[in-house]
Protein chains: 2
Amino acid sequence: MCHRCDYETLLEENGLNAGRNRMRVLEVIGDNEGPVSATEIHRRLIRSDPINRVTVYRILDLLVENGIVERISGEGRSFYYGLAANENHRPHPHFYCRRCGGVQCLSPGSLTVDSEPLLQTFSGRVETVAVRVVGICAHCTTSVQGKIS
Amino acid sequence: MCHRCDYETLLEENGLNAGRNRMRVLEVIGDNEGPVSATEIHRRLIRSDPINRVTVYRILDLLVENGIVERISGEGRSFYYGLAANENHRPHPHFYCRRCGGVQCLSPGSLTVDSEPLLQTFSGRVETVAVRVVGICAHCTTSVQGKIS
DNA sequence: TTCTTCTTGCAACTTAGTTGCATTCGGTGT
DNA sequence: ACACCGAATGCAACTAAGTTGCAAGAAGAA
Ligand SMILES: [Mn+2]
Ligand SMILES: [Mn+2]
Ligand SMILES: [Zn+2]
Ligand SMILES: [Zn+2]
């Protein structure tokens with residue numbers, strides 16, 4: 001993801017002007033195969049051109065507030081950022097690798113959840129029902145087999 | 001939760017001696033109606049008797065390592081702790097309130113997830129499939145209605 | 001250009017958790 | 001009672017991730 005989204009339009013639709021840094025952040029998020037942490041986004045950006053980490057955090061906050069980017073909490077203490085669901089991207093579950101900490105997107109149909117019983121009985125307001133799959137990713141399982149320990 | 005579990009036995013089954021602080025931590029976790037943060041556990045414990053926060057963190061690590069307590073990540077940056085699933089407690093989904101940050105246990109049957117399609121196709125090792133419900137809890141929805149803003 | 005607003009950088013701060021090391025506690029053996 | 005040893009605790013310092021205040025710089029509007 002994502003080669004179907006025009007980030008410039010996405011920003012301007014929300015009344016945000018498409019400055020260079022906002023575009024850069026969106027490109028890192030959209031080019032990655034799964035959600036990325038703020039630290040990782042910053043690390044990738046400073047390779048091409050210096051940018052302050054606070055600026056990255058502020059841009060991420062802005063994008064999340066405007067529903068362009070989705071913030072998800074991983075297994076550790078940091079947040080991960082991916083393109084928010086829209087007409088091009090259906091909501092989907094994520095896989096969290098316990099070993100490398102990476103997060104992968106799973107296909108939208110790979111897990112189905114029936115939330116009717118909950119919606120009937122729950123007294124608060126349910127906004128989202130997310131499925132989180134935890135385990136060891138393919139890359140980590142194979143690389144551990146070959147590891148000398 | 002939980003008045004069916006004997007914490008002393010639970011500890012000794014795992015080769016841990018049931019010292020006073022371990023028992024106290026387990027009691028706070030088990031008496032709470034949902035998962036609690038380490039900070040909250042510490043805050044409650046120091047009301048009855050002083051205990052260092054590092055001690056709380058170390059006990060929690062130990063209980064998690066031994067499968068007595070389950071560590072879950074909330075919507076924020078901190079972890080929450082609840083009694084791990086066992087013969088008395090079936091696994092169940094949790095509800096996360098965006099407003100107050102609280103976590104509630106939902107009944108085991110309130111949500112059902114079909115993970116077969118994923119298990120057939122996924123190339124890594126799937127260990128757990130958890131459902132996370134996010135929204136505004138009953139307490140927060142009612143108290144907001146009466147709020148002057 | 002000048003005025004104003006948006007954007008960025010920097011330093012300091014906060015929160016949640018971790019680590020190293022010294023002290024103390026709870027047994028066990030004598 | 002004593003010495004001994006490992007487990008448990010406390011304290012200070014440190015780290016990771018994110019936030020805040022404020023000043024400086026860039027970009028637009030007039
Ligand atoms: Mn995704
Ligand atoms: Mn629970
Ligand atoms: Zn991995
Ligand atoms: Zn609430």
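Chain A is the first sequence line, chain B the second, and so forth, proteins listed ahead of strands; every chain is numbered from 1. Values below: all heavy atoms of this structure, side chains included; hydrogens, waters and symmetry mates excluded. Owing to the predicted nature of the structure, the values given are computational and were not obtained by experimental measurement.
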| field | Residue-level proximity of residues 60-80 of chain A to DNA chain C when a heavy atom falls under 4.0 Å | value |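 Output list: A:Arg77.
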
| remark: Bounded by its outermost nucleotides with an atom under 4.0 Å from a heavy atom of chain B, the footprint on DNA chain D reads D:dA8 to D:dG18

| query | Side chains of A:Ser48 and A:Arg24: is there a donor and an acceptor less than 3.5 Å apart? | reply |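 Short answer, yes.
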
| field | Under 3.5 Å side-chain donor-acceptor pair for B:Thr9 and B:Asp6 | value |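 B:Asp6 and B:Thr9 do have a side-chain donor-acceptor pair below 3.5 Å.
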
| message | Working to the nearest 0.5 angstrom, can you tell me the gap between A:Cys97 SG and A:Gln104 CD? | response |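 Here the interatomic distance stands at 7.5 Å.
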
| Presence of A:Asn52 side-chain N/O under 4.0 Å of C:dC10 phosphate oxygens OP1/OP2 | yes

| request: Hey, which sits more toward the 5' end of DNA chain D by its nearest nucleotide, A:Arg53 or B:Ile51? | output: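 Its nearest nucleotide lies further toward 5', so the answer is B:Ile51.
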
| For the side chain to side chain contact (heavy atoms under 4.5 Å, CB included) test, which of B:Ile136, B:Ile72, B:Val133 pairs with B:Tyr96? |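 Checked B:Ile136, B:Ile72, B:Val133 against B:Tyr96; only one passes side chain to side chain contact (heavy atoms under 4.5 Å, CB included): B:Ile72.
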
| request: Would you indicate what A:Arg22 reaches in the nucleic acid, counting non-hydrogen atoms under 4.0 angstrom: base, sugar-phosphate, or nothing? | output: sugar-phosphate

| Where do A:Arg98 and B:Glu127 land on the salt bridge (charged side-chain N to carboxylate O under 4.0 Å, His left out) test, with the steps shown first? | CA-CA 10 Å; A:Arg98 277 197 308 111; B:Glu127 292 175 346; 2.7 Å; yes

In whole angstrom, what separates [X]'s [atom1] from [N]'s [atom2]?
| X | N | atom1 | atom2 | result |
| --- | --- | --- | --- | --- |
| B:His42 | C:dA16 | NE2 | P | 13 Å |
| B:Ile41 | C:dA16 | CD1 | C1' | 13 Å |
| B:Glu40 | C:dT15 | CD | C1' | 15 Å |
| A:Tyr57 | C:dT7 | OH | C1' | 19 Å |

| According to the salt bridge (charged side-chain N to carboxylate O under 4.0 Å, His left out) rule, which pairs have a member within residues 8-20 of chain A, sequence neighbours left out? | A:Arg20-A:Asp49

| said: List the residues meeting salt bridge (Lys or Arg N to Asp or Glu O under 4.0 Å) with A:Arg53, not counting sequence neighbours, and say none if there are none. | reply: none

| field | Close side-chain approach of A:Leu62 to A:Asn66, heavy-atom, < 4.5 Å | value | yes

| said: Side-chain heavy atoms under 4.5 Å apart, restricted to Ile/Leu/Val/Met/Phe/Trp/Tyr: what other residues fall into the cluster of B:Tyr57, or is it alone? | reply: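 Besides B:Tyr57, the hydrophobic cluster comprises nothing; the residue is isolated.
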
| message | Set out, in order, the CA-CA distance, both residues' side-chain angles and the distance that settles side-chain contact (heavy atoms from CB on, under 4.5 Å) for B:Leu60 and B:Ile29, then state yes or no. | response | CA-CA 10 Å; B:Leu60 288 170; B:Ile29 292 174; 3.7 Å; yes

| query | Quick one: what's the B/S/- string for nucleotides 20-27 of chain C, heavy-atom cutoff under 4.0 Å, read 5' to 3'? | reply | B-------

| query | Has B:Arg77 got its NZ or CZ under 6.0 Å from the middle of the six-membered ring of A:Phe79, at an angle within 45 degrees of the ring axis? | reply | no

